[in-house]
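Proteins get letters first, then strands, A, B, ... in listed order; numbering begins at 1 in each.
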2 protein chains.
Amino acid sequence: MNESTHLAAVLRPVRAGNAFEETVERLLQAIKLGMVTEKLPPERELAARLGISRVTLREAIRALQEAGYLDVRRGRYGGAFVTYVPPPPSQGDLRRAVADMGTDDLADALTFRMAVECGAAQVLAAAGIDGERRDTLRRRLREVNSAGPDDYRRLDTAFHLAIAELTGSSLLAAACADARLRVTDLLNAIPVLQRNIQHAAAQHEAIVAAVLAGDPDAARRAVAEHLEGTAALLRGFLA
Amino acid sequence: MNESTHLAAVLRPVRAGNAFEETVERLLQAIKLGMVTEKLPPERELAARLGISRVTLREAIRALQEAGYLDVRRGRYGGAFVTYVPPPPSQGDLRRAVADMGTDDLADALTFRMAVECGAAQVLAAAGIDGERRDTLRRRLREVNSAGPDDYRRLDTAFHLAIAELTGSSLLAAACADARLRVTDLLNAIPVLQRNIQHAAAQHEAIVAAVLAGDPDAARRAVAEHLEGTAALLRGFLA
DNA sequence: CATCAATGGTCTGACACTGGCCCAATAGAA
DNA sequence: TTCTATTGGGCCAGTGTCAGACCATTGATG
């Protein structure tokens with residue numbers, strides 16, 4: 001194994017696609033994750049946030065509009081309104097989603113998610129968090145644990161992301177968001193069963209308890225167990 | 001805290017800069033990390049790897065040539081030869097590097113690195129590795145632990161990256177490479193003391209032992225301790 | 001009803017980036 | 001010496017992207 005082994009990690013493609021494609025992807029994920037429930041920010045603001053021109057953003061919005069995800073209205077109090085509602089889960093969708101990304105990429109994504117989420121929980125537990133942030137974490141926990149099937153995925157995402165964000169590292173938050181994005185389609189394709197929610201709730205409790213107790217090992221273990229459960233659920237529906 | 005809190009993580013800039021800038025950055029990092037010690041791959045191949053046009057790549061190479069990092073020669077057996085040699089560490093360089101990135105970004109980078117590297121070690125330990133990969137890991141360990149001050153940083157990078165790569169997740173490998181890149185300039189600015197090398201060597205041994213033993217908690221703890229040591233070293237030189 | 005502020009819609013000139021093609025130089029091979 | 005494969009160097013036409021300015025529409029407000 002010579003030096004070129006590591007080169008792959010550094011000399012990888014500089015950009016994933018053109019600006020238009022990446023923008024469509026981003027917006028689609030924001031919508032599917034339920035992070036934008038009403039309407040998108042104004043074009044000018046959104047373009048600035050995404051670091052692209054308004055023209056490119058508008059092309060992406062138009063594509064999503066034509067695909068039925070958005071309803072764009074002009075005039076004051078207008079905007080790009082989200083019309084997307086998650087489709088009912090089906091095994092067919094799951095298999096298609098897996099086929100779309102390939103089994104290698106699936107393993108990659110699950111491994112990546114395991115690493116960054118465990119890392120985030122561990123860091124947060126090790127650093128300790130102050131009163132206000134403790135409240136935030138507890139609130140997220142309450143929200144996801146009291147969610148109904150419709151809101152569950154969205155609030156689960158919010159909970160997991162909150163852990164990364166509370167570390168104060170935007171790089172870590174971005175990595176966790178990215179990891180979650182990569183499995184969104186898969187999770188959306190499997191049904192949300194009350195039994196699974198309750199099982200996950202106990203694990204969420206354990207994660208929060210470990211973080212609040214400042215126990216990095218316990219936090220790591222709790223997250224690992226939780227994500228293992230999710231992965232097992234996926235495998236179950238695929239088998 | 002409404003839904004918009006999480007938006008920051010998803011509606012972040014789509015691209016970090018233009019293709020030229022990103023390419024210069026990539027190549028510079030590959031050079032500084034010592035991953036390219038002799039010469040770069042041919043322009044045509046490199047452009048394909050980086051997913052950019054040859055024109056853009058050539059501009060980046062010319063910039064690095066003018067900055068004294070490369071020596072470009074034409075004709076068969078020509079190419080872009082690396083002329084860069086790491087400058088002697090100095091406190092001034094360190095302070096400048098810190099000032100360049102800002103203290104917030106520094107904390108962000110250190111936190112990010114802690115999370116992803118701990119996550120990688122944990123995942124690798126949990127998954128277990130076969131004979132061939134065990135040998136790879138052991139070889140990397142031997143190399144870094146027997147390195148002299150000149151080669152130390154390069155082989156240390158190789159060792160840390162090997163852990164991420166052995167998980168088989170290219171996303172994770174990329175994240176770890178990215179994390180390392182963000183602290184390269186800082187590490188290059190602090191002197192490599194024999195005492196520090198020996199201290200780190202013991203920690204590297206502990207990491208490998210935990211991974212080979214399949215003990216995720218121990219692996220996590222060993223990496224955390226190691227990176228804490230590095231962070232403390234940085235703080236010490238800054239104080 | 002007239003006005004206004006916020007928002008999407010459109011256009012233009014400039015620059016960045018691409019893909020492809022051919023030229024120039026170089027060192028080894030014949 | 002001559003040939004040849006490999007590599008960097010240069011150029012061009014086409015497309016993507018940008019920044020900014022201006023137009024069009026809308027619903028609230030006075």
Worksheet item: Using a cut-off of 4.0 Å on non-hydrogen atoms, how would the nucleic acid contact of A:Arg58 be classed: base, sugar-phosphate, or nothing?
Response: base
Practice prompt. Give me the one residue out of B:Ile197, B:Leu155, B:Asp151 that meets side-chain contact (heavy atoms from CB on, under 4.5 Å) with B:Val144.
Written response: B:Leu155
Worksheet item: Is there a salt bridge (charged side-chain N to carboxylate O under 4.0 Å, His left out) between B:Glu143 and B:Arg140 once you walk through the steps?
Response: CA-CA 5 Å; B:Glu143 287 169 355; B:Arg140 293 281 183 220; 3.4 Å; yes
Discussion item. Apply salt bridge (charged side-chain N to carboxylate O under 4.0 Å, His left out) to residues B:Asp130 and B:Arg134 and explain how you reach the verdict.
Written reply: CA-CA 6 Å; B:Asp130 59 24; B:Arg134 297 173 87 90; over 6 Å; no
Worksheet entry | Any donor-acceptor N/O pair, A:Thr56 side chain to A:Ile52 backbone, under 3.5 Å | no
Response to the item:
When rounded to whole Å, the CD to P distance for the pair B:Glu59 and C:dC15 reads 14 Å
Worksheet item: Can you name the one residue among B:Lys32, B:Arg96, B:Gln29 that meets side-chain hydrogen bond (donor to acceptor under 3.5 Å, both in side chains) with B:Asp185?
Response: B:Lys32
Discussion item. Classify B:Arg73 by what it touches in the nucleic acid, base, sugar-phosphate, or nothing, heavy-atom distance under 4.0 Å.
Written reply: sugar-phosphate
Fill in: Separation of D:dG27 C1' from A:Lys39 NZ (nearest whole Å)
12 Å
Item to complete: Check the distance between C:dC17's P and B:Phe20's CZ and give it to me in whole angstrom.
Response: 9 Å
Fill in: Backbone N/O of A:Ala19 and side chain of A:Glu22: donor-acceptor pair under 3.5 Å
no
Item to complete: In whole angstrom, give the distance that lies between atom CG of B:Asn18 and atom C1' of C:dC15.
Response: 11 Å
Practice prompt. Consider only side-chain N and O atoms of B:Asp71 and B:Thr83, and report whether a donor and an acceptor are under 3.5 Å apart.
Written response: no
Report each atom pair, protein N/O against N/O of nucleotides 1-5 of chain C, whose distance is under 3.5 angstrom.
| from | atom 1 | to | atom 2 | distance (Å) |
| --- | --- | --- | --- | --- |
| C:dA5 | O4' | A:Arg76 | NH1 | 3.3 |

Discussion item. I want to confirm an ordering. Mapping A:Pro42 and A:Arg15 to their closest nucleotides on DNA chain C, which one lands closer to the 5' end?
Written reply: A:Pro42
Item to complete: Using a 4.0 Å heavy-atom cut-off across all strands, classify A:Gly17 as base, sugar-phosphate, or nothing.
Response: nothing
Worksheet item: Separation of B:Leu46 atom CG from D:dT6 atom C1', in whole Å?
Response: 16 Å
Worksheet item: How long is the line joining CZ of B:Arg54 and P of D:dG10, in whole Å?
Response: 11 Å
Response to the item:
Assert: residue with more 5' nearest nucleotide on DNA chain D, out of A:Thr56 and A:Arg44, is A:Thr56
Fill in: A:Leu70 CG to A:Tyr84 OH distance, which is reported to the nearest 0.5 Å
12.0 Å
Discussion item. Checking the side chain of A:Thr167 only, and the main-chain atoms of A:Ala164 only, is there a donor and an acceptor separated by less than 3.5 Å?
Written reply: yes
Worksheet item: What's the CD-P distance between A:Glu22 and D:dC18, to the nearest Å?
Response: 11 Å
Worksheet entry | Between P of D:dG10 and CD of B:Glu43, the distance in whole Å | 10 Å
Worksheet item: Contacts to DNA chain C from residues 60-72 of chain B, heavy-atom cutoff under 4.0 Å, which residues?
Response: none
